[in-house]
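What follows is a short report on a single structure.
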Amino acid sequence: MFQRPRKVACPECSASNYWKANPKPTDVLHCRYCRAAIASYDEYVQDTAQREAERLLAEFVETDISRDLAHLKAVLAAPEQRVNP
């Protein structure tokens, strides 16, 4: 799994809750304040993995195409800046 804290906010009262020890996939986390069911450990792992994948994709997806094109034009205009393999 990821090296992330296993802290989960309760959807009912927004209190911080934590998974303890090594939970089974079917174990359900209940809020320690309002006792509402938050999620099973399997759901928690799937949600965490999906958020991490989305974060990584967003980190590597370039949204500023105009900046990339300007950089490409500058590199092509100055052959001494090109990297030779």
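Numbering starts at 1 and runs along the sequence shown. Both backbone and side-chain heavy atoms feed into the values below; hydrogens, waters and symmetry mates do not.
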Quiz: residues 19-27 side-chain donor-acceptor pairs under 3.5 angstrom, not counting sequence neighbours:
residue	atom	partner	partner atom	Å
D27	OD2	K24	N	2.9

**Asked** Residues two or more places apart in sequence or in another chain: which of them pass side-chain contact (heavy atoms from CB on, under 4.5 Å) with A70?
**Response** none
**Message:** Holding to side-chain contact (heavy atoms from CB on, under 4.5 Å), I want the full list of residues that pass it with A37, two or more places apart in sequence or in another chain.
**Reply:** V28, H30
**Item:** Side-chain H-bond candidate by donor/acceptor type, Q50 with Q46, under 3.5 Å
**Value:** no
**Prompt:** So, the side chain of N17 versus the backbone of R32: is there a donor-acceptor pair under 3.5 Å, distance only?
**Reply:** yes
**Student check: side-chain heavy atoms of L29 and Y44 closer than 4.5 Å** = no
**Message:** For L56, give me all partners under side-chain contact (heavy atoms from CB on, under 4.5 Å), at least two apart in sequence or on another chain.
**Reply:** E52, E59, F60
**Complete:** Sequence neighbours excluded, the answer for side-chain contact (heavy atoms from CB on, under 4.5 Å) partners of E12 is C10, C34, A36
**Complete:** Looking only at heavy atoms, the pair that brings A9 and I38 closest together is O-CG2, 4.2 Å
**Prompt:** Roughly how far, to the nearest 0.5 Å, is OG of S16 from OH of Y33?
**Reply:** 7.0 Å
